[in-house]
Amino acid sequence: ATVSEPDAVKAKSTTRSGFSMNKKGTKASSQGATETKSEVSNAVVPKNFHDMFLFNAAVMGFGSKGWMLDILNAFDPIVLNVANSHRLQEECDVLA
C-alpha cells in the first residue's frame, strides 16, 4: 500500500528562491509574509548590469560601501580590454 502525503505538503511546493507557492496563488517566504502573484509580477526588476550590480550589492549588505562603486566603475574598462592583456593588466592595476 502507498502512503499519501499530508494535505499541507500537497498544497505547497518550494521554489529555488526559498519561497513556497500554495494553491491560492500566494507566495510565502520562510518568515510567513505573503504576496499575491500580481504584487510579485509588479516588482521592479533591474534590467541592466549597472542596476543589477547595485541591487545585488544592497541585498548582500554592501550597498553603502564605496569600494563597490569603484569596482562597478572599473568593470567596463576591464571588460572592454579583455583581449589586450597589457591594457587589461593596467586596468586591474588601477582598480587595485
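Both backbone and side-chain heavy atoms feed into the values below; hydrogens, waters and symmetry mates do not. Numbers for residues simply follow the sequence, beginning at 1. Remember, predicted model here, so these are calculated numbers, not experimental data.
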Would you say F53 and F75 make side-chain contact, with heavy atoms under 4.5 Å? no

With rounding to the nearest 0.5 angstrom, report the CG to CZ distance, L69 to F62. 13.5 Å

Would F49 and M52 show up in the same hydrophobic cluster when neighbours are defined by side-chain heavy atoms closer than 4.5 Å? no

How far does CZ of R87 sit from CD of E90, to the nearest 0.5 angstrom? 6.0 Å

Side-chain touch F55/V45, heavy atoms, less than 4.5 angstrom: no

Drop me the distance from Q89's CD to N84's CG, to the nearest 0.5 angstrom. 11.5 Å

What pair of heavy atoms forms the shortest contact from L88 to N81, and how long is it? CB-O, 3.5 Å

Side-chain heavy atoms under 4.5 angstrom apart, residues restricted to Ile, Leu, Val, Met, Phe, Trp, Tyr: same cluster for M60 and L72? yes

For residues I71 and L95, report the shortest heavy-atom separation together with the two atoms involved. CA-CD1, 4.0 Å

Just how far is it from atom NE2 of H50 to atom CG of D76, taken to the nearest 0.5 Å? 10.5 Å

Examine L54 and V59 and state if one hydrophobic cluster contains both, with Ile, Leu, Val, Met, Phe, Trp and Tyr joined whenever side-chain heavy atoms are less than 4.5 Å apart. no

Between C92 and I78, which heavy-atom pair has the shortest distance, and what is it? SG-CD1, 4.4 Å

